[in-house]
Amino acid sequence: MKHISIHWFRKGLRLHDNPALLAAMTDCHKLYPIFILDPWFPKNMRVSVNRWRFLVESLRDLDESLQKLNSRVIAENNGKVPLTYVRLQTLLAALGPPKRPMPAPTLENLKDCCTPCKDNHDAEYGIPTLEELGQDPEQAGPRLYPGGESEALCRLDLHMNRTAWVCNFQKPQTEPNSLSPSTTVLSPYIKFGCLSVRTFWWRLAEIYQGRKHSSPPVSLHGQLLWREFFYTAGAGIPNFNKMEGNPVCVQVDWDDNPEHLRAWSEGRTGYPFIDAIMTQLRTEGWIHHLARHAVACFLTRGDLWISWEQGQKVFEELLLDADWSLNAGNWQWLSASAFFHQFFRVYSPVAFGKKTDRGGEYIKKYLPCLQKFPAEYIYEPWKAPRSVQEQAGCVIGRDYPKPIVVHEVVSKRNVERMKAAYTRRSASTTAQLEGGGGKKGARRKTPAGPSVAELLTKKPKTKSS
DNA sequence: AAAAGCGTTGAGACG
DNA sequence: GCGTCTCAACGCTTT
């Protein structure tokens, strides 16, 4: 019989070697792990702040360990973080769809409840202005994506009314350099929680219902699953926003080059496609996902050989939708440090943008100094004859920078450096395995009994006839 | 064409 | 005959 268990942590603030906890978990369908802070205790016992601190830290650690056990995706995968999207999809299929969103509160919910305000509320506790926050509103770019739940729900409606577009949506087919966004730009609203992911997910599910529609990873549902993918990784992988101490991250000998880093972040690399994207990022706070690919590859493994952690900081500062796990995860992806390993596939800062914007309209929008360049040279203005440059009113090296690196040269060298980093990695993991112990008894055999993690992760085997 | 790693699969060893 | 483990081969990877 399945039952409900309460495990009362008194002493024994640990998971390991805790028979009572294991017993409590066995065959139960609900478990309440509790600790009682007796109010009598602080009143009647004198205990130093140091020991209080020790207790609080122990409880916090216990709480984190228990939560980790309960993180369902990871638990579903036998405690291992899923490292591929396909793997995550299988796990999610077993977990089922997310819960339905809650309805917004109405007046009815507030019937017997008042929200008291003091007379000086607005002056003392009102929402501060940008000036009061030490920011200069003059520095802000065009207000393309106003904040707030109301705007989020409008924007959601706007896009969800495009039934065919929603059903046919395939992310790689959308354009990184269209003059207005080719995707929903709901990400800032999701990042701030102005839009509930569950609300978005179920709206899509309703639209998909009974219609032919695209699928993950490229569909709109698929985009939300990417978020789950990186959230899961961020929750389960230590030091996820760093290279050092991050077990899934290839250790690369990135260069330290403050000048190149600044040129990249300020949009002065001399590659118009890259500089236009970085300008859009700085002024508008949002760029298309594939545009992020292009500039991230350029900064790291493609051209400048600068650490993805530096790029991560710049995105963290400038993106409206900067989100810890997604930012760290995607930077690792694009730098071929984790998740993505085909480092020999390098984005061309010239060819990539041309595919969807032959005439370079996007470049001209964000880099007005190149406006008069003929389309032929807009992606590589340094190749234009001097006379063409002068006619365009923009001489390369004077009015717009020369390329800070030669892509064809550095990208080849970087692929080799990447290869070397991967070789070092596989060499070190082999060494780890071989150095792990003697030949006999070196392998870890199954422990005597089920562990806490196993008890929580083990699924009853369902055999349908 | 060929680079890399993850995860699955199937074969075989082992107890 | 069965479960468990290991290994190599193979397909896949959001352009």
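Proteins come first, then strands; the chains are lettered A, B, ... in the order of their sequence lines, and each starts at number 1.
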| request: Could you pull out all residues at least two apart from Lys355(A) that satisfy side chain to side chain donor-acceptor pair (under 3.5 Å)? | output: none
| message | Given a 3.5 Å cut-off on both pairing distances, which stems involving DNA chain B, each at least three consecutive Watson-Crick or G-U pairs, are present, if any? | response | B:4-15 with C:2-13
| task | Would you list the pairs meeting ring-ring contact (aromatic ring centres under 6.0 Å, His included) in which at least one residue belongs to residues 232-252 of chain A, sequence neighbours left out? | result | none
Which pairs count as salt bridge (Lys or Arg N to Asp or Glu O under 4.0 Å) when at least one residue sits in [range], sequence neighbours excluded?
range	value
residues 212-237 of chain A	none
residues 192-204 of chain A	Asp157(A)-Arg203(A)
residues 264-281 of chain A	Glu266(A)-Arg268(A)

| query | Which of residues 320-357 of chain A have a heavy atom under 4.0 Å from DNA chain B? | reply | His341(A), Gln342(A), Phe343(A), Phe344(A)
| task | List in numerical order all residues of residues 219-241 of chain A for which some heavy atom is under 4.0 Å away from an atom belonging to DNA chain B. | result | none
| Is the distance between the ring centroids of Phe315(A) and Trp331(A) less than 6.0 Å? | yes
| field | Check: Tyr271(A) ring centroid to Trp382(A) ring centroid under 6.0 Å | value | yes
| request: With sequence neighbours excluded, give me every side-chain hydrogen bond (donor to acceptor under 3.5 Å, both in side chains) pair touching residues 287-296 of chain A. | output: Thr174(A)-His288(A), His289(A)-His293(A), Arg292(A)-Asp321(A), His293(A)-Tyr347(A)
Side-chain donor-acceptor pairs under 3.5 Å in residues 401-410 of chain A, sequence neighbours left out?
{"unit_1": "His407(A)", "atom_1": "ND1", "unit_2": "Asp303(A)", "atom_2": "OD1", "d": "3.2"}
{"unit_1": "His407(A)", "atom_1": "ND1", "unit_2": "Asp303(A)", "atom_2": "OD2", "d": "2.5"}

Give the table of side-chain donor-acceptor pairs shorter than 3.5 Å for residues 367-377 of chain A, with sequence neighbours excluded, one pair per line with atom names and distance.
none

| field | Glu309(A) vs Asn241(A) side-chain heavy atoms within contact, under 4.5 Å | value | no
| message | Could you tell me if Gln332(A) and Asn246(A) have a donor-acceptor pair between their side chains, going purely by distance under 3.5 Å? | response | yes
| said: Could you check whether Glu175(A) and Tyr362(A), counting side-chain N and O atoms only, form a donor-acceptor pair closer than 3.5 Å? | reply: no
| task | Send over the distance from Asn78(A) CG to dT4(C) P, rounded to a whole Å. | result | 12 Å
| How would you give the extent of chain A contacts on DNA chain B, as first and last nucleotide 5' to 3' within a 4.0 Å heavy-atom cut-off? | dA3(B) to dT8(B)
| request: Using the C1' atoms only, state how far dA1(B) lies from dT14(C), rounded to an integer number of Å. | output: 23 Å
